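For clarity, every value in this text was computed on a predicted model and none was experimentally measured.
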Amino acid sequence: MMLLKNRVFAKMFAAYGLSTLGDWFDFIALSMLLGYVWKAEPMTLALLPLAYALPSVFLSQFAGIAADRFGKLKVMIITDLIRFGLTLLLILAPNPWWLLGIVLIRSTAEIFYAPAHQALTRHVVSEDQLLQAASLNGSVFQSGKLIGPLLGGIAAAFVSPAVCLLINALSFLGSAACLLGIGSIRESAQGETNTAETPEHTSWIATWLEGWRILLHNRTLFFSTLFFLVSLTAIQLVDAQFVVILREKAPGQPELLGYMISAIGVGALLAVMWLSRLKEIVSYGWVLGGGVLLIGVMVTWAGLYQPGSGVSWLLLAAFLGGIGTGLASVGSNYLRQKETPKEAIGRVTGILDSLSSSIFIVAPLLGGALIQTWGVSLSFQWTGILIGGIGASGILLQKVIWKRKSVQNESLQGWG
């Protein structure tokens, strides 16, 4: 693609690809350590997303302001190096509690990466290439989801989860090397006088309030955020519990978790490739609402699965859910980039990360309690129906949620 001829974006793309591939090795290793090696209970498994999300709740908005004020590239490099060292420490974790503690510390450093990455992308990519940029990043993420869990599942099952953690540590080191290769760049354009600018004399409080004003006063961004948060809450009730349903319905097949995630990756990659052919998204209802609907189908389908029905049943469900994941993730990222002034991308990203991380804390705990009360099959079935209903509502109410003057209108309209 033409966008990859942009030297800065190409190196950012390579760095993101390396760290993403390693992250999926990491995910498989931690899931297998907790679910199969240490035989953790559902509530203990629910603490893993809590360890990932808790720092973001309290610090993401601060990280977003920092991304808009300071050197975005330096922030990304330092974050990669810290994650490299902490991932090596995970290999030495003697029990679930040490593991969860190190993940918590690593997540604290990690929250500074996403706002800086989003903000730098918006500065180095022109507006007419935003969907292509979102699709490229989405494709590398889904490719990592396809390759990483497949290889990671094999490595963890037949070698050791520690090998997966080592691969992830090295991926962070490689990512930092790619970013260092960018060299010195100018991260903002001269002559821009947008109201969202953050000059040195502006206080942190004023900068923070400006980010919230942008989010609340842009109609499309505001209602999209509400839809995203409601959908995420329902999805996170069971997202961390797939290892439990597989452990119950397919015992003795720990590699099946990797196969399912890879099937999700295939579906998502196909969806992302389709979106990359478009210049813009003209119907958020079908993309975002349809994506959530397909995720609901996957969750319900997994809940209805009966032992002996064949692995293909689960893989087909994962494939459909993957299509939904690709549509929803790229659509959400594109909408955020398009609707937010480039000088405020870091702040708005930090706010959205903070809100979503609050859900990552509460919803998995509720999901763990739900499964212990209702059982894993019934919980998956009803939660899947709830997720599907939210997605269907997004399609049916898209003229209310994502109001546009006309399909041909190139610019989405806000309140102000």
Side-chain angles (χ1 to χ4, degrees), residues 1-23 60 62-88 106 108-141 143-144 167-194 196-200 202 207 276 333-334 336-337 340-350 353:
M1 290 187 177
M2 293 294 296
L3 185 55
L4 291 179
K5 294 182 179 181
N6 181 321
R7 184 184 67 86
V8 176
F9 180 81
K11 289 184 179 293
M12 290 174 60
F13 180 75
Y16 181 65
L18 282 171
S19 60
T20 297
L21 180 61
D23 278 341
S60 278
F62 170 81
I65 297 172
D68 285 335
R69 282 175 167 259
F70 304 129
K72 302 162 186 59
L73 186 58
K74 289 182 180 179
V75 169
M76 294 164 66
I77 294 171
I78 293 171
T79 300
D80 273 337
L81 294 176
I82 293 174
R83 289 190 290 178
F84 164 70
L86 291 174
T87 303
L88 288 179
R106 188 179 67 175
T108 302
E110 192 166 303
I111 62 172
F112 288 85
Y113 190 92
H117 183 269
Q118 291 283 337
L120 188 57
T121 298
R122 187 65 178 88
H123 278 81
V124 302
V125 174
S126 61
E127 186 167 338
D128 62 344
Q129 293 180 311
L130 286 178
L131 182 54
Q132 187 180 133
S135 298
L136 280 170
N137 285 329
S139 67
V140 76
F141 178 81
S143 296
I167 291 173
N168 190 33
L170 294 176
S171 74
F172 287 135
L173 191 60
S175 174
C178 288
L179 295 175
L180 283 168
I182 293 177
S184 178
I185 60 172
R186 185 163 55 100
E187 296 180 357
S188 61
Q190 292 180 343
E192 291 175 334
T193 58
N194 192 289
E197 285 183 319
T198 58
E200 292 297 326
T202 303
T207 303
S276 69
N333 186 44
Y334 168 73
R336 179 192 307 179
Q337 290 277 359
T340 307
K342 68 169 62 176
E343 299 79 14
I345 286 288
R347 277 166 285 166
V348 172
T349 298
D353 285 349

Nearest atoms (heavy-atom pairs only) where Ala176 meets Leu81:
CB-CD2, 3.9 Å

For the residue pair Ile111 and Asp353, establish whether any side-chain heavy-atom pair is separated by less than 4.5 Å.
no

What's the shortest heavy-atom distance between Gly64 and Pro115, and which atoms?
CA-CB, 3.9 Å

Heavy atoms, side chains only, cut-off 4.5 Å: are Asp80 and Tyr113 in contact?
yes

Classify the side-chain pair Arg347/Thr207 by whether it contains a donor and acceptor separated by less than 3.5 Å.
no

Distance check, rounded to the nearest 0.5 Å: Met76 atom CE versus Ser19 atom OG?
8.5 Å

Could you pull out the closest heavy-atom pair between Lys72 and Ala116, with the gap in Å?
O-CB, 3.7 Å

Taking the side chain from Ser175 and the backbone from Ser171, do they hold a donor-acceptor pair closer than 3.5 Å?
no

So, taking the atom named CD1 in Ile78 and the one named CZ in Arg83, what distance separates them when rounded to the nearest 0.5 Å?
12.5 Å

To the nearest 0.5 angstrom, please state how far the CG atom of Asn168 sits from the CZ atom of Phe84.
11.0 Å

Show the nearest heavy-atom pair for residues Ala15 and Cys178, with the distance to one decimal.
CB-CB, 3.9 Å

Side chains of Asn137 and Phe9 in contact at under 4.5 Å (non-hydrogen atoms)
yes

When rounded to the nearest 0.5 angstrom, what is the spacing between CG in Asn333 and CG in Leu131?
10.0 Å

For Asp68 and Gly346, work out which heavy atoms get closest and say how close.
OD1-N, 3.0 Å

Please report the interatomic distance CG(Leu136) to CE(Met12), rounded to the nearest 0.5 Å.
12.0 Å

Arg122 to Thr340 - nearest heavy-atom pair and separation
NE-O, 4.1 Å

Hey, what do you get for CG (Leu120) to CD1 (Ile345), rounding to the nearest 0.5 Å?
11.5 Å

